[in-house]
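Okay, so here's the structure we're looking at.
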Amino acid sequence: MSSVKKYCIGCGVLLQDENMTMEGYTTSIENDICSRCFRMKNYGEYQIVTKSNEDYIDILKSVNKTNDLVLYIVDLLNLERDLKYIRNYINNKVILVLSKRDVLPKSVKDDKLMDYFKKMDLDYQDMIVVSPNKNYNIDALLLMIKKYKTSRNVYVVGHTNVGKSTLINKLMKNYSDNECELTISPLPSTTLNKISIKLSDDLILIDTPGLIDRGNIVNYVDPLLLKKINPKKEIKPKTYQIKKGQCLIIGGLIRVDYKEGGKNSFTVFMSNDLKVQRFNMTRQQALKDLFPNELNVLYHEDIVINGLGFIKVVEKADVIVYADKNVEIYTRRSLI
Ligand SMILES: Nc1nc2c(ncn2[C@@H]2O[C@H](COP(=O)(O)OP(=O)(O)O)[C@@H](O)[C@H]2O)c(=O)[nH]1
Ligand SMILES: [Mg+2]
C-alpha cells in the first residue's frame with residue numbers, strides 16, 4: 001500500500017488494497033473509489049455498513065469548533081422527532097433545508113409546510129423547501145447559502161438517507177464544472193466520512209455521513225423492500241373513512257387497529273407501492289404477532305411510522321399500531 005493517504009470520492013473512506021473484508025478496500029490504490037461504492041454505483045448492489053452515532057457526534061463537535069455555516073437537511077416524509085437535537089452539539093449558524101418536497105402532494109403549499117416549522121420555535125437562521133431530485137428551489141438555496149455563509153466552508157448535516165449527498169451532487173451539477181460523484185443509496189450509512197467538495201473558489205461543501213436513526217424501519221426490512229418503501233414519486237394520499245373495530249394493514253408491514261373513538265378519517269401518506277387494506281379487526285388476524293404500540297391520538301394528529309411515512313387522523317382515536325418492535329412510532333401535530 002502506498003504511504004500517501006487517499007480517500008474514496010464516493011463515501012470518504014480511507015482507501016486500502018490489502019484487506020478485502022475491511023472498509024475502504026479497492027483492487028488498486030490507483031482507483032478513486034472503494035469497491036463498495038463501485039458496486040453500488042454500477043450494479044446497484046448495496047452493502048450495509050454499521051456506523052456508530054458516536055462517530056457522527058464527533059463530526060458534529062468538530063463542526064462546532066468552526067464558525068462555518070451548516071445546512072441541516074431533513075426529509076419531509078420522514079422528519080425526525082426532535083428537530084432541535086443537533087443544537088446539543090453545534091452552535092453554528094444553521095439553515096433548515098426541508099428536502100424531498102417532491103414526494104409530498106403538490107396540492108400542499110410550501111408556505112403551509114414552512115408555517116409548521118415556524119411554530120416549533122426552532123433556533124435556526126432560515127429555512128427553505130427543496131427537492132434535489134426535481135431540481136426544485138436549488139437556485140434559491142444557493143442564494144441563501146451565499147447570504148448566510150461565514151467562510152468558504154459549508155457543512156451538510158442531518159440523519160442518514162435524508163438526501164445530503166444527492167443535494168450536493170445537484171448543486172455541483174448545476175453550478176460547477178468539477179466532477180462530483182458522491183455515492184447515493186436507499187441504505188443508511190452510504191457516506192462514511194466527511195468529504196469536501198469544491199463548488200467554486202469561495203464555496204466548499206462538506207458532506208457528512210449522518211446520524212443513524214435506530215427507530216427507522218429501513219434497518220429492519222429486507223433490502224429488496226427498500227425500493228417499495230422509499231417513494232420516488234409524488235405520494236397519492238389514501239383516505240379511509242373508518243369506524244371503531246376496523247383496522248388497516250399497510251404494505252404487509254404495519255397493522256393499525258382502531259380500538260376506540262367515533263367515526264374518523266385516516267389518510268395514509270406513504271409510498272404508492274405499499275398496498276393499504278381495510279378489514280374488520282376481529283376477522284383479520286394478520287400481523288398481530290408484531291409489537292403492539294398503544295397510542296392515544298388527539299384531534300388533528302399524525303401517527304408517524306419512522307421510515308414509512310405517516311397517517312393523518314382527523315378525530316381523537318385510541319389505536320394499536322403493530323410493527324417490528326424496533327420501529328419508532330409516535331404521534332405529532334398534523335404536518336398537512
Ligand atoms: N424522492 C426523492 N428522493 C430523494 C431526493 N433526494 C434524495 N433522495 C433519495 O433518498 C435516498 C438517500 O439519498 P442520499 O443522498 O444517499 O442520502 P444521505 O444519506 O443523506 O446522503 C436515495 O434513495 C435518494 O435517491 C429527492 O429530492 N426526492
Ligand atoms: Mg450520503
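Read the numbers this way: they start at 1 and go in the same order the structure lists the ligands and their atoms.
Counted within 6.0 Å of CG on Asp201, heavy atoms from surrounding residues, nucleotides or ligands total 12 or fewer; the atom is thus considered open. The local environment of NZ in Lys6 is crowded, with over 12 non-hydrogen atoms from other residues, nucleotides or ligands closer than 6.0 Å.
For atom 7 (C) of ligand 1, the nearest protein heavy atom (residue, atom name, distance) is Thr166 OG1, 3.3 Å. Annotation: atom 12 (C) of ligand 1 to nearest protein heavy atom, Ser185 O, 3.3 Å. If you check which protein heavy atom lies closest to atom 24 (C) of ligand 1, you get Ile184 CG2, 3.7 Å. Among all protein heavy atoms, the one lying closest to atom 25 (O) of ligand 1 is Lys232 NZ, 3.7 Å.
Atoms of ligand 1 found under 4.0 Å from any heavy atom of Ser131, numbered from 1 in the order shown, are 27 (O). Counting atoms of ligand 1 from 1 in the listed order, those under 4.0 Å from a heavy atom of Val103 are 1 (N). Every atom of ligand 1 is numbered from 1 in the order shown, and the set under 4.0 Å from a heavy atom of Lys164 is 15 (O), 17 (O), 18 (P), 19 (O), 20 (O), 21 (O). Shown in contact with Pro231 at under 4.0 Å from a heavy atom are these atoms of ligand 1, numbered in order with element: 1 (N). Annotation for ligand 1: atoms under 4.0 Å from non-hydrogen atoms of Thr160 are 19 (O). Set against the non-hydrogen atoms of Asn161, the atoms of ligand 1 under 4.0 Å away are 10 (O), 12 (C), 17 (O), 18 (P), 19 (O), 20 (O).
For the side-chain contact (heavy atoms from CB on, under 4.5 Å) with Leu199, the qualifying choice from Leu171, Ile204, Ile145, Val154 is Leu171, the only one to do so. Of the residues Asp58, Leu211, Thr160, the one that meets the side-chain contact (heavy atoms from CB on, under 4.5 Å) test with Asn53 is Leu211.
An N or O contact shorter than 3.5 Å links Asp102 to ligand 1 by distance. Below 3.5 Å of separation, one finds no N or O of Asn230 facing any N or O of ligand 1. At a 3.5 angstrom cut-off on N or O pairs, Lys100 counts as close to ligand 1. Here's the thing with Ser99: none of its N/O atoms is less than 3.5 angstrom from an N/O atom of ligand 1. Considering backbone and side-chain N/O atoms, Gly163 comes within less than 3.5 Å of an N/O atom of ligand 1. Checking only distances, Lys134 never comes within under 3.5 Å of ligand 1, N or O to N or O.
There is a side-chain donor-acceptor pair under 3.5 Å between Asn174 and Asn135. Side-chain contact check for Asn264 and Tyr258: at least one donor-acceptor pair (N or O, by modelled atom type) lies under 3.5 Å. Under 3.5 Å, the side chains of Asp17 and Thr26 contain no donor-acceptor pair of N or O atoms.
Assignment of Pro132 to the shell around ligand 1 is supported, since a heavy atom sits closer than 4.0 Å. Heavy atoms of Gly158 stay at 4.0 angstrom or farther from ligand 1. Residue-ligand proximity: Val162 is placed with a non-hydrogen atom under 4.0 Å from ligand 1.
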For Asn31 and Thr27, what are the C-alpha separation, side-chain angles and deciding distance, and is it a side-chain hydrogen bond (donor to acceptor under 3.5 Å, both in side chains)?
-> CA-CA 8 Å; Asn31 297 336; Thr27 48; 3.2 Å; yes

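Taking the side chain as every heavy atom from C-beta outward, Asn19 and Tyr25 never approach each other to under 4.5 Å. Two residues are said to be in side-chain contact when any heavy atoms from C-beta on lie closer than 4.5 Å; Glu23 and Gln16 fail this criterion.
For Asn133, heavy-atom contacts with ligand 1 shorter than 4.0 Å involve the backbone as well as the side chain.
In this structure, CG in Leu141 is found 11.0 Å from NZ in Lys146, a value given to the nearest 0.5 Å.
The Mg ion (ligand 2) has an N, O or S atom of Ser165 under 2.8 Å away, backbone or side chain.
For the pair Asp68 and Lys149, the salt-bridge criterion is not met [side-chain N within less than 4.0 Å of a carboxylate O].
Relative ring orientation between Tyr72 and Tyr124 is described as perpendicular, the plane-to-plane angle rising above 60° on a 0-90° scale split at 30° and 60°.
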